[in-house]
Structure formats: C-alpha cells, structure tokens
Amino acid sequence: MVLGSDMTEYNPKKIEKKWQRIWEKNKSFESKSDKEKKKFYVLEMFPYPSGNIHMGHLRNYTIGDVIARFYKTNKYNVLHPMGWDSFGMPAENAAIENKTNPKLWTEENIKNMRAQLQSIGLSIDWNREISTCSKEYYKHQQKIFIDLYKKNLIYKKDSYVNWDPVDNTVLANEQVIDGKGWRSGAIVEKRKLSQWFLKITAFAQELLEDLEVLHGWPDKVKLMQKNWIGLSNGVEIKFKVRDIDESISVFTTRPETLFGAAFLGLSVEHQLSDRLDNLEEFKKFKNRCLQTTDRNIDDEKIGFFSGLFAEHPLDENIKIPIYFTNYVLINYGTGAIFGCPAHDERDYEFAQNIGIDFSSVFKNKDSLPYVEKNENDIMQNSEFLDGLSLKEAKKLVVSKIIEQKKGSEKKTYRLRDWGISRQRYWGCPIPIIYSEDGEISTIEESELPVTLPEDIDLSQNGNPLDNHPTWKFVKCKKTNKQAIRETDTLDTFFDSSWYFLRFCSPQNDDKPFDEIETKYWMSVDHYIGGVEHAILHLLYSRFFSRALKKCGYDTPKEPFKKLVTQGMVCHETFKTKEENPKWVNPNNVLTEAGKFYTNDNGKKIDVLKGRSEKMSKSKKNVVDPDSIILKYGADTARLFMISDSPPERDLEWSIDGIKATHKYLNKIYNFLTSNKFNFTTQFDLNKNKLNNDESILYDFLNSVITNYTDDIKNYRFNNAVAKIRELSNKLVKQKITKTLFDYCWSIYLRLFAIITPHFSSELAETAGLKNNLEDIFWPEAEKTSKINDKILIILQVNGKKRGSLTVEKEMSKDDILKILSNSEKYSGIIDNEIKKIIYVPNKIVNFVK
RNA sequence: GCGAGCGUGCUGAAAUUGGUAAACAGACAGGACUUAAAAUCCUGCGGGUGGUAACACCCUUGUGGGUUCAAGUCCCACCGCUCGCACCA
C-alpha cells in the first residue's frame, strides 16, 4: 500500500512502550481506598513463577484486564493487583537440577515474568505486588497458623501418607504414578506419619449450605464443590463385640436392611486392627492392603477374619463375624461397615469371595444383589420388621436404635480434613517447637517470622530442614528447655487461601491485613482463573474466610462474589507415524497435497494430524506469548485472546487468527491516521440535519454502545468484538458529515480502549485528545435516539418465512393487514383460507392456514 | 458405575423471554492492482431444484419422536464427545 502523506505506520512496539511508560508515570492504576467511591475488586488467580508466562496466563490476565479497565472507566474505584504464588516444589527441583538456590531461582523468574506481564499493558497496581515466599508475607501467615492453632482449627494426627523410600519424602497423590515415585521410580509405600491438619470438616455444613448464596458462581463449580463435600444423611449404629469390652460404630444410609447384615467390614487402618498387629499373617495382609496406593475399584475384594463376632444391635442372639477388608475406607464414616450382601454390590462381591451366606430382606426380590430403593418394597427375614414397607421399616428401626441407645441419626461428609504438612524445604515454616519433654508450643508472636535457612543442602535425601546441622535446635523461651523446631513446611494451598486479603493492605507490617482496608475492598467482585481450581483452592479459600472470622478477624464469609472460570488454550498436534509416535511441533510441519510431513535433517518424515489439545510442553504444541507480543504487539495478542471464543470455553490458538487480528488493527490505524478526525466526547449537531443513512448510522452507533456494554459486563467478549467490528466496517465504508465522523470514531476508541488500550490511546492522542482515554467516562447510549422509527416485520405462513415488511414502530395489526392487502407482492397471502393470524408487535405476523 | 455439560457451514462461532438460523471472523476460491509476488481492495462462500438473468421455491442446527401458530432453543428416547468424582457404605 502506498502511504499517504499524513499517514504514520502502525508500530505497536513503539506505541505500547510509550503508553506503558505514561501509565506508570501517571500512576494511572494505583488504587487508594476512598470511602466515598464505589469500589470494584478484580482479581485473577496469581501465577506460579515458573519462569515464563504461557498462553493461559495471557488469556487469563487479558480477560481480567478488560473487566478492570471497564469498571475503571465506569468510575469505580478499582483494585487490580498482582502477586506470586512462589513457594512450591518446582523451585526445589529446579534448584537441585541447576545447583542453585530456590530463592534465587524464584526471584529470577519473578523478575522475568513481571516484565512479561508488564508488556501486555495490564492495568495493574504494581505497588501492591506480593510474593508468598517473602518473609514479609509468610510472617503473617505464621501468625494466622498460630491463631488457627489456638482456636483448635489446626491439629496433629497420625495419618498414612505416600512415602517414597528412596527420596525419603512424602509425595502428593499426583506425584505417585502407577504406584511409583515420579522422580525416584521407587514403589511408594503407605507410611504412618504425624501430620498437621486443618479442620475444614468443622465447616462442612456451612460450606455446603452457603453455596446457595454464591449467585455469581457457575453452577458447574458449585455442583463440584457440593459433590466434593458429599453430604449423606444416615444413622451411626454401635455393634457390641462379643467377649471383649469393645464396640464398633458403623455408618449406614440404609438402616432398614439391618437384618440383612451378614458381617462387619473394617478397614485395616481401623483402630481395632492393633489387636492383631503381632500376628504375622495379619501383618502381611495389612501391608498388602496398604501397599495398593490408589485403591482401585478393580482390586479384588479380600478379607481377613478377626476371630471376633459382633452382636446384632436389635437381637443379641444374632452373631455377626468381623472381617478386615481392603475395600472399606478409613477416611469415610467410621472406617467400618455392616455388610449387607443382598443389597449392596460391593458387599455382595466380598461375600461371594469369602463364602458368606446371606438372604434378601425384601419380598420377591431374589435376584441379588438388589440395590434399588423402592419405598413400597415389603420387608422379610427381618423379625419385627416383616410385612412393613421399606419406608415404615426404616422409621421403626431408627427409632428403636435411638430408643435403645444403640446409635443415632448422623450426617456424614465425604470431605476430609486438609493435611498441610510437607516434608519439603521451599515452603512456609510452621511456627511450632517441641520441647524435650514432648510439649508442643507455638513461637512467640514477637519472634516471627521463623525464617528459612539459606545455607541448605538439597543434594541429600529427605527433608533439608531436618538435615540442616543447626536450624532446628532452639531453646524454648518460656521454659528455657531444649527444643526442636517443626521441620515440616506448609502446603502451598495455605499460601493462596488468604492472599486476596493481603492485597488490600500489602505493606502492613503489624497484621496480616488491615481490617479497615479489607472492610472496604472485600469481597473480590470478580475472580477469574482456570476451572482446575474449582475445588481445592476455592474451597480452601472459602474455609479460610470462615476460620479467620472465628479467630476474630473481620472478614466476609464468602471471599469471591463472582467467579469466572476460563477454558484452556488449545493448539493442533502432530505425531510421527512410528510405532512409538513422537510429538512434532506444528511449526515444523509442512503440507503437500493434503499430506503432512516434517523435515528431519533433510529427510521427509510423514506425520499425522491429531486433535487440538491443551498447549503443553510434552505435546510440543506450545506457542510462547512473548514472541507473539514482540512480533505483533500486545494489543493484537489481547484482541485475539478474546475475539473468537467465549471465556469459559476452550480457545483454539491460530496464527492465522493472530495475523488477521493484526491486519485489522493495522487497517484501522492507517485509516484513522490518513483520514484526520478530531476527538470529541460531545455530539453537537442537530440530529435533524442528518440524512437518512446518517441517522440510521447514528441509531446503530447507539445500539452498539448499549450492546457492547452489556456484552462486556456479561463476559461475552466475542460478541462485543463483533459489534465493534461491525461499527468500524460501516464507518470505513460510509461517507458521512465530519461532525458525525468525529463523534463515531471517538466512541469507537473509547469502547475499544479496554481491549486495545495502547492502540486506542495513541489514536485518540493523534486526534487531539489531551487527557488520558482511561479517565474519560464510559459512553452512554442515547435512549431516545431512535430517529428512525421504522421496524422490520417478518411475514410467515404456517410459521415459515414468506417475506418481510418495513413499517412504523408499534403499528397495529389492522394497519399492517391493510398495507399487506394493498401490496402487490403480498396481497396473495391474504385469502379465504386463513384460519388464524398471530401478531407479535414489532416482530412477526404469522398466517395460519 | 455416578454426576454434569455439549453436539449449528470447511473452521472459530452468533442467534434477548420459543419469533428472519449462520451475525462477526478465519480458511478457501475468483477478480482488480503488479513484470511477478507480498500487501491492499472487491466479489463469492450450508445444500438442492428451476431460470440466460434479476429471482423463485424446497431442504438444513447429531438421530428419531413430541408439544406449539412457530423449535437450534422446551419435553422424551437414542447416538457421539468432553469434563468432574469414583469401593463414599
């Protein structure tokens, strides 16, 4: 294209730097609490500083930024901070690999990623930046730990963990692959360790019930949390063990089948198993059960007879054998069940394996196992219940059990307490010491933080804090006795369960957060992040808010008012055709005659196109956002990220899409620099002076403002982009009066600025705007703007379109019929065969024949 | 196995409370400009029938049924895909 004399070329690199500097200099995005102003807290889930931002970050932060900028121009006091979830294993692993220190590695990464995020042009208040691995952050976290401990919301208990015998460390479930340690390859054992737990189950009911209040959350996420908490209503029943002074409690949701009990099944981790622990046979059995790390539904159900019998709670003459089994979970209910093989598939399978007799307790239901629950089924083989319906039997059994003090009604949750101990170095130290006499005490508040030692040796096996020559040895200040520090560190989910509170007063040295500030800013109005955090992080954060409240902090119960879960960024994948196919980077794939191949040192190798999958290093389909921003600019990248797919859906990455997006910005930039216009916020022309086409355009402009605003508010960014492109397509093509031209393009830039801020700011400045674009109030649509009062009515016969008619708005049915009968084209529609005419004003006339 | 969601052109998608299906894009094809290419601009782009043509008509939202004047949208069944949980007593 020949450049016009006045035209300047679109140079994103130059203008993006320029505007980022201006925003920084003007402190455009710093937020101060201003009680007079309405606040808006936009937060994206903070990143783990792995070294480089990826497309998922780019998408996440673009979405958040559009919202933050939208509310800012709508004159809200916006809080839009950023920080780093900077503790965690990757740093430790990288440190071992690169022979460096996790702290240095993390700090390097943060520096790099901060620069990358800044190059996107995000409207972030960088003054509020926090990092969870900094002393200034974890000092307060240790205080929170102590507060929770004092309120009995943190406790220590023995629990079985995944233990890697080679690396001498505990592994998280996701680090155990096929029963082996992900790094060492050693077979993972279950080992009993004393671990710290957070009592999240104390809030199970509340966390469940309050889901109903979360109107701004996707139903899907709420349902996932509901299922995760997993409430079931049932009865806890005590079975007396014969000959010894013990009883076993079991939980059941089907008390009406109590006379179908053929055995008691106990987890090998049930405390009663201690009695058999010196039996060599049993030890073997127990180990076998414990070794299967991921207890699989396909595992054969095995049992070990305890030698003991229980009494039936409602008939002491019935003797029930007690078995230890591998299919009863210690973590659910009481770790013991009564087995009813006739009416439970698992118990049925077990009874078959062991050879236990059983019979149906429902009349005419002899095809076993019969697991349906039909309220009208009639009982049999159940003593005093015989002849009653299931419904009646249930009621009667429960009342008898309660009456005879053999048990009570109970709610049970699937949710378990949250284990927060990690035998790792790179995490927040737990502020606890153990004196020589075994007493556990918390560190004095004045002595916080307990800092991590920097001179550590990561090359040894096991917990580096435990291995450190001096760190753990201390003297108890209170008793002057020798003591040892807790060497476990906290799970990083602990770090991220309250960071959104810290953002409200990130520099406060005295307290985790200043309650005047949190009172103003909390809750987070919009929280945006990946759906993979639907359960853990979000549930933990909800729990923390409640737990902190119990500790006397003034926090809202629900931290996140509205939750937006964005989809993944996907990209096409290619594989070689070998027997063990290798992934091939799409950039290295060429096409020829509809076939795909790649070049390997001059050799052509055929490859197969796979389906589009989430970008990942292992599938070699990653595209680095940095390179895209460098080549096409941040505005192109931002616009592409939100143009095509709605946020909650997966986004298909396409370089053609990026190119086309860039082409569009280029086109508008060139057009507006060669067709000079003056930026204006006012339309000072008598609307009656507009010609017909112009008044249609003016109406359209107002409809764009309305719809675009609505779309942005509701995260329909792809629709918003479609509207604004429609507007610019019209404006580029149509010849219009200068005043209207100026006004329309000014509106365009104001609307578009939240998506492409550098681009819009630059063009607005070129057009003579002296202030900052983001300080101008969001445009408002003129509600009375319908200069053009015509409307399109669709004509249908039997619901099928037969034509259309342009009429005055709100025209009556009779008037429309009159027009139709006078019309040459449509008079034929109206004949004697019409049975009925359906008229929907301003929309449709349907003739039913 | 249980629970949830989704199936619309070659592709990403759009379609307020049921009311013009395919907006806005991408890919592709043709044309203009050019020695040529790139860039840019213009045109076409779900399928079919008839017509030289403007145009007219028919079909089309995974499959089959239903409700309704009217169904992509609501209801039932089936098929397919995706996600979450998974021995939860």
Side-chain angles (χ1 to χ4, degrees), chain A residues 1-2 218-228 230-232 234-235 250-255 257 265 267 294-299 301 325-329 331-340 343-347 349-350 371 412-416 531-532 534-535 567-568 570 611-612 640 643-646 648-661 663-664 666-667 670 707 710 714 716 718-729 732 792-804 834-840 842-849:
Chain A
M1 175 189 242
V2 182
D219 289 339
K220 186 187 159 187
V221 174
K222 287 191 276 189
L223 189 70
M224 277 163 78
Q225 293 213 350
K226 186 184 164 203
N227 292 339
W228 187 264
L231 166 69
S232 44
V235 188
V250 304
F251 174 75
T252 181
T253 53
R254 302 206 57 190
T257 63
S267 161
D294 279 318
R295 270 179 234 180
N296 203 314
I297 192 159
D298 300 326
D299 285 348
K301 293 180 174 46
T325 82
N326 63 337
Y327 79 95
V328 175
L329 306 172
N331 288 310
Y332 185 75
T334 61
I337 56 152
F338 78 78
C340 179
H343 308 293
D344 183 287
E345 272 167 5
R346 297 151 302 177
D347 298 341
E349 196 190 324
F350 180 78
V371 297
T412 293
Y413 301 90
R414 206 189 75 104
L415 183 71
R416 302 164 196 178
V531 73
E532 65 272 19
I535 295 171
M568 303 178 292
C570 297
R611 53 178 219 183
S612 177
F640 174 73
S643 291
D644 266 3
S645 305
E648 63 278 8
R649 224 179 288 183
D650 286 350
L651 170 73
E652 179 63 24
W653 170 264
S654 114
I655 193 64
D656 285 326
I658 280 281
K659 284 179 184 161
T661 307
K663 214 153 88 175
Y664 170 74
N666 208 30
K667 177 175 124 179
N670 289 338
N707 294 326
D710 203 46
N714 293 296
R716 293 187 298 251
N718 52 334
N719 290 1
V721 171
K723 303 262 159 52
I724 206 149
R725 288 186 77 134
E726 233 178 307
L727 175 64
S728 66
N729 287 349
V732 166
L792 194 71
I793 296 272
I794 302 304
L795 307 174
Q796 294 182 335
V797 176
N798 292 332
K800 287 189 178 176
K801 187 189 168 193
R802 283 293 175 271
S804 60
I834 294 172
K835 288 184 191 143
K836 199 171 158 190
I837 298 169
I838 310 270
Y839 175 57
V840 184
N842 299 327
K843 264 184 189 160
I844 233 154
V845 190
N846 188 14
F847 299 92
V848 185
K849 290 188 177 179

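Labels below follow one simple rule: chain letters A, B, ... track the order of the sequence lines, proteins then strands, and each chain is numbered from 1.
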Pick out the pairs of N or O atoms, protein on one side and nucleotides 54-58 of chain B on the other, that lie under 3.5 Å.
unit_1: B:C58; atom_1: OP1; unit_2: A:Arg802; atom_2: NH2; d: 2.6

Side-chain atoms of A:Arg414 come closest, of B:A86, B:A25, B:A89, to B:A86

A:Asp650 CG to B:C81 C1', in whole Å, measures 13 Å

Q. A:Asp219 near the nucleic acid: base, sugar-phosphate alone, or nothing, with a heavy-atom cut-off under 4.0 Å?
A. nothing

- prompt: Distance between the C1' atoms of B:C24 and B:U35, in whole angstroms?
  reply: 38 Å

Whole-Å distance, A:Ile724 CD1 to B:C24 P, equals 15 Å

When both distances are under 3.5 Å in a Watson-Crick or G-U wobble arrangement, the nucleotide paired with B:U40 is B:A32

Item to complete: Sticking with atom P, work out how far B:A77 lies from B:A4, rounded to a whole angstrom.
Response: 13 Å

Atom P, compared across B:C6 and B:G65: separation rounded to whole Å
24 Å

Counting any heavy atom closer than 4.0 Å, what does A:Ser654 reach on the DNA or RNA strands: base, sugar-phosphate only, or nothing? nothing

Classified by glycosidic angle (syn within 90° of 0, else anti), B:G48 comes out anti

- Query: Is any N or O donor-acceptor pair between the side chain of A:Glu345 and the base of B:G1 shorter than 3.5 Å?
  - Reply: no

Checklist entry - Taking C-beta and beyond as the side chain, do A:Val848 and A:Asn798 meet within less than 4.5 Å on heavy atoms? => result yes

*Tell me, yes or no, whether the heavy-atom count around A:Lys226 atom NZ, taken from other residues, nucleotides or ligands under 6.0 Å, exceeds 12.*
no

A:Lys301 side chain near B:C87 phosphate (N/O to OP1/OP2, under 4.0 Å):
no

Item to complete: Name the nucleic acid region contacted by A:Ser804, choosing base, sugar-phosphate or nothing; use a 4.0 angstrom heavy-atom cut-off, strictly under.
Response: nothing

Separation of B:G26 atom P from A:Tyr664 atom OH, nearest Å, is 11 Å

Heavy-atom closest pair (A:Met224 atom, A:Ala534 atom, distance to 0.1 Å) is CE-CB, 3.7 Å

The reported gap from OG in A:Ser804 to CD1 in A:Ile793 (rounded to nearest 0.5 angstrom) is 10.0 Å

(Q) Regarding A:Lys659, tell me which of base, sugar-phosphate or nothing describes its non-hydrogen contacts under 4.0 Å with the strands shown. (A) nothing

Of B:G12, B:U20, B:A89, the nucleotide closest to the side chain of A:Ser645 is B:G12

Picking from B:A89, B:C69, B:C87, the nucleotide nearest the side-chain atoms of A:Ile337 would be B:A89

When rounded to whole Å, the CD1 to P distance for the pair A:Ile793 and B:C69 reads 21 Å

When A:Glu652 and A:Arg716 are each assigned the nearest nucleotide of RNA chain B, the 5'-most assignment goes to A:Glu652

*Kindly check if the number of other-residue, nucleotide or ligand heavy atoms within 6.0 Å of CD (A:Glu648) is above 12?*
yes

If pairing means Watson-Crick or G-U wobble with both distances under 3.5 Å, then the partner of B:U61 is none

Any side-chain heavy-atom pair from A:Ile844 and A:Gln796 closer than 4.5 angstrom?
yes

Rounded to the nearest 0.5 Å, the CZ atom of A:Arg416 sits from the CH2 atom of A:Trp228 at a distance of 7.5 Å

With rounding to the closest Å, how many angstrom separate the C1' atoms on B:A29 and B:C45? 8 Å

- Message: Heavy atoms only, 4.0 Å cut-off, all strands: where does A:Ser643 land among base, sugar-phosphate and nothing?
- Response: nothing

Whole-Å distance, A:Gln796 CD to B:A21 C1', equals 13 Å

Touch class at under 4.0 angstrom, heavy-atom based, for A:Glu726 against every strand present
sugar-phosphate

Rounded to whole Å, the CG-P distance (A:Asn718 to B:A23) equals 14 Å

Heavy-atom nearest nucleotide on RNA chain B taken for A:Arg611 and for A:Gly799; more 5' hit belongs to A:Gly799

CG (A:Asn719) and CD1 (A:Ile724) are apart, to the nearest 0.5 Å, by 13.0 Å

Practice task
Using distance alone, with no hydrogens and no angle criterion, decide if A:Ser267 and A:Tyr332 have a side-chain donor and acceptor under 3.5 Å apart.
Solution key: no

What about A:Lys843, does its side chain sit under 3.5 Å from the base of B:U17 through a donor-acceptor pair? yes

Side-chain atoms of A:Asn719 come closest, of B:A15, B:G26, B:C85, to B:A15

Output a table of nitrogen or oxygen pairs between the protein and nucleotides 3-7 of chain B separated by less than 3.5 Å.
none

From the candidates B:U20, B:A13, B:C24, the one with an atom nearest any side-chain atom of A:Asn729 is B:C24

Fill in: Span that lies between the C1' atom of B:C10 and that of B:C58, in whole angstrom
24 Å

ask   = Does atom CG of A:Asp219 have more than 12 heavy-atom neighbours, drawn from other residues, nucleotides or ligands, at distances under 6.0 Å?
value = no

Taken to the nearest whole Å, OH/A:Tyr332 to C1'/B:A86 is 13 Å

Which part of the nucleic acid does A:Asn846 contact within heavy-atom distance under 4.0 Å: base, sugar-phosphate only, or nothing?
base

Rounded to whole Å, the CG-P distance (A:Leu231 to B:A89) equals 10 Å

(request) Determine the interatomic distance between C1' on B:U60 and the same-named atom on B:U8; round to the nearest Å. (result) 10 Å

#### Entry: pair A:Asp344-A:Arg254: side-chain heavy atoms closer than 4.5 Å
no

### Query
Do the side-chain N and O atoms of A:Asp347 and A:Tyr327 include a donor-acceptor pair separated by under 3.5 angstrom?
yes

Taking the C1' atom in each of B:A27 and B:C79, what is the distance between them to the nearest angstrom? 30 Å

task = Using the C1' atoms only, state how far B:C57 lies from B:G7, rounded to an integer number of Å.
result = 30 Å

message = Heavy atoms only, 4.0 Å cut-off, all strands: where does A:Leu792 land among base, sugar-phosphate and nothing?
response = base

request  = For A:Arg725, answer base if it contacts any base atom (sugar-phosphate contacts may also be present), sugar-phosphate if it contacts only those atoms, and nothing otherwise; contact means non-hydrogen atoms under 4.0 Å.
outcome  = sugar-phosphate

The Watson-Crick or G-U wobble partner of B:G5, with both key distances under 3.5 Å, is B:C81

side-chain contact (heavy atoms from CB on, under 4.5 Å) test vs A:Ile337 passes for just one of A:Val328, A:Thr325, A:Leu329, namely A:Val328

